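Note that the structure is predicted; figures quoted are calculated from it, not measured. Lettering follows sequence order; numbering is per chain, from 1.
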There are 2 protein chains.
Amino acid sequence: MAKPPSLQDVARTAGLSPATVSRYLNGSLSLPPETAGRIDHAIETLNYQPNPHARSLSRGRSDTIGLLVPEIDNPFFARLAAAVEREASAAGLSLMLYSSLNRKERELHYLERLRRNFVDGLIFATNHVDDGELTAAIGRSSNVVLVDEDIDGVDAPKVFSDNVAGGRLAARNMTSAGHRNLAFIGGPEGIMSSRERLAGFREEAAMAGAEVTVALFGAYSIHHGRDALRQLLDWHPDVTGVFVASDELLFGALETLRDRKIPMGGGLSLVTFDDAGPLAFLDPPVTAIRQDVAGLAREAVSALRGRIAGIEDPPVARVPVELVERRSVSPLV
Amino acid sequence: MAKPPSLQDVARTAGLSPATVSRYLNGSLSLPPETAGRIDHAIETLNYQPNPHARSLSRGRSDTIGLLVPEIDNPFFARLAAAVEREASAAGLSLMLYSSLNRKERELHYLERLRRNFVDGLIFATNHVDDGELTAAIGRSSNVVLVDEDIDGVDAPKVFSDNVAGGRLAARNMTSAGHRNLAFIGGPEGIMSSRERLAGFREEAAMAGAEVTVALFGAYSIHHGRDALRQLLDWHPDVTGVFVASDELLFGALETLRDRKIPMGGGLSLVTFDDAGPLAFLDPPVTAIRQDVAGLAREAVSALRGRIAGIEDPPVARVPVELVERRSVSPLV
DNA sequence: ATTGTGTTGTAAATCGGTTTACCGGCATCT
DNA sequence: AGATGCCGGTAAACCGATTTACAACACAAT
């Protein structure tokens, strides 16, 4: 564990000053081949790598960005993290991973680290409604990009899936299979994704002469999925198709279906949102509106890089979603 | 976007020297209440937070650790990441997330960052066999902990699940349901987890007078799961129970089962390993050997912290696994 | 001979902390 | 009175880079 070589060491063995080596390495000085060769050689033999902390301190940036998600397990955010890491790494950035557990103090804490330049920027995903404190904190620091879910009043680049189109696709899929009596099981009521998915679903259903009889909001959780479907079956037994706004909700719904021995598809048609879980391996495989996680990540990282570079950016990007048709929607006779 | 306050600023407004403030904050100096109050007050009003890069540079450590996994999506590693982040955060450490995509260059690259003190330590998970280069690179840097999968010849703390016990549990569950003709679908052949899971499975099967007729190795992938089960059904139609060494393999196997219209449980009994996917929501829910991801994370972070602190540590920790009995194993008449 | 114009560098300040070595003054002990 | 110890605090070096400002030299042009 000898101490790693510093720029000083390189300079010394190359017979030059640290400044020269630094400027050469950073391209702000072009040297005659002979000198350059000496530097390269010294670097090679010493196996020199610059100290990232010194670099960060000096340059005032760290080439590191942060991703803050509510929870890292949860297939959707896991995929998002993977995609963001890929994008960041491709852009020469490291990724700091934070999880907020949806707790405001933790979100604020990590925003604070951004303010202290621990990271150059932050990709922020949350899914709870804000009382204004977050909005204020985000407003205080400029390099933030919101992804997946909106926070009211925040002035920052935003990257969302096209939820409305997703809702439409779900509705179209069901109505064209003959379903007319539909329902929606969503996430928290105040939240953008819930609202928009329902809005699209409702609009498109209406156009086909179908009706969305019930909309049940709650947490994006298995628990809520289970309970909501129970309630739905009890109170609205004539519903034949339900659009479930996330994979977690779907798994909960599946539990209820199993308990009541109602076959998915034949008994009740289902479309879900996300397509992050192993939906293709369920029986029957379930039809889903698939979020383009890679696309979200690409847009988010690119918006963040723009922001860091001080570029004015488009306020909000919408990433298209896609219908992945499987067999959980049965034609209605 | 005013420049954030520095220690200097705090010292100035408190009418003290930077050294005093620093030492006070780091506990190496105790001050009379009046002076301390002045500092606290200055910090409060300026909203001071130390610059982490300066801190890291000066102290030679960053209070940041890295986690390197093959892929972040993949429910098992996602859960591991979540658990490690939780442990790290509880210990006041930040987590850098890296994904190797199982490519050696990337693994080496990240090890290099460790050597440069970008992170204080690295939790390393890989799942491919090594040609010795990794072993060498890991040997060069001391603060590495191996988790989940072994790399031959590496001298570092290691944290693994008790794979052998897991194999045993799987075998016992099947043999006690009357199964005598068993099979194993595993991951890559050379790899510890495959070997150990099979070994335990085989041993315990033998004790019950059952036999593991076939063992099919391959990647830990859906693809391999599907193909292996096909092959198994074709060549060994008398097998009644199969132990599948990961959730991915299970999903592949499920596909084959569905194609051939063989019901899980009644048609073929299955036990899987990991229990990271939504196994409880399959029909029937599938019995699994559950890895204690939180336990793995706890041991790994604690071993790494020990290593960083220079403490001699136990060479390898084994984390118990647990049988989660569901309904994919049917009693054999 | 003087002036200019590159070329090839370097000295020194700076980023924002931590840490070592020390200092002046007061109380206590002998 | 002199030695001892403690309290409250500071000066200055250091971590390892980047960056600004400038210097020495060669060579050509005037």
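A:Asp40 has its side chain within reach of A:Tyr24: a pair of non-hydrogen atoms, C-beta onward, lies under 4.5 Å apart.
Residue side chain B:Arg23 does not reach the base of C:dT20 through any donor-acceptor N/O pair under 3.5 Å, judged by distance alone. Not a single donor-acceptor pair, N or O on each side, falls under 3.5 Å between the base of D:dG9 and the side chain of B:Thr20.
Phosphate proximity of D:dT18 to A:Arg55: present, with a side-chain N or O under 4.0 Å from OP1 or OP2. Listed pair A:Arg116 / C:dG17 meets the phosphate criterion, a side-chain N or O lying under 4.0 Å from OP1 or OP2. For D:dA17, neither phosphate oxygen OP1 nor OP2 lies less than 4.0 angstrom from any side-chain nitrogen or oxygen of A:Ser58. Contact annotation: B:Ser22 does not reach the phosphate of C:dG17 (side-chain N/O to OP1 or OP2, under 4.0 Å). Between B:Tyr24 and C:dT18 there is no side-chain polar atom (N or O) within less than 4.0 angstrom of OP1 or OP2. Residue B:Asn26 places at least one side-chain N or O closer than 4.0 Å to OP1 or OP2 of C:dT18.
Between the CZ atom of B:Phe118 and the P atom of D:dC15 there is a distance of 21 Å, given to the nearest Å. Following rounding to the nearest Å, A:Leu7 (CG) and D:dC14 (P) show an atom-to-atom distance of 17 Å.
Side-chain contact check for A:Ser193 and A:Glu149: at least one donor-acceptor pair (N or O, by modelled atom type) lies under 3.5 Å.
Counting only distance, with no hydrogens or angles, the side chain of A:Ser58 and the backbone of A:Arg55 share no donor-acceptor pair below 3.5 Å.
Residue B:Pro32 is in sugar-phosphate contact alone, with no base atom involved, counting any heavy-atom pair closer than 4.0 Å across all strands shown.
When distances are taken from the side chain of A:Leu57 to each of C:dC15, D:dG8, C:dT10, the shortest belongs to C:dC15. With D:dG16, C:dG17, D:dT19 as the choices, the nucleotide that has an atom nearest any side-chain atom of A:Ala19 turns out to be D:dT19. Checking C:dT18, D:dG16, C:dT10 against every side-chain atom of A:Leu29, the shortest atom distance belongs to C:dT10.
For the pair B:Thr35 and B:Arg59, both in contact range of DNA chain D, the more 5′-proximal nearest nucleotide belongs to B:Thr35. Nearer to the 5' terminus of DNA chain D, by closest-nucleotide assignment, is the contact made by B:Pro18 (compared with the other of B:Pro18 and A:Ser28).
No cation-pi contact links A:Arg318 to A:Phe160, judged by a cut-off of 6.0 Å to the six-membered ring centre and 45° from its axis.
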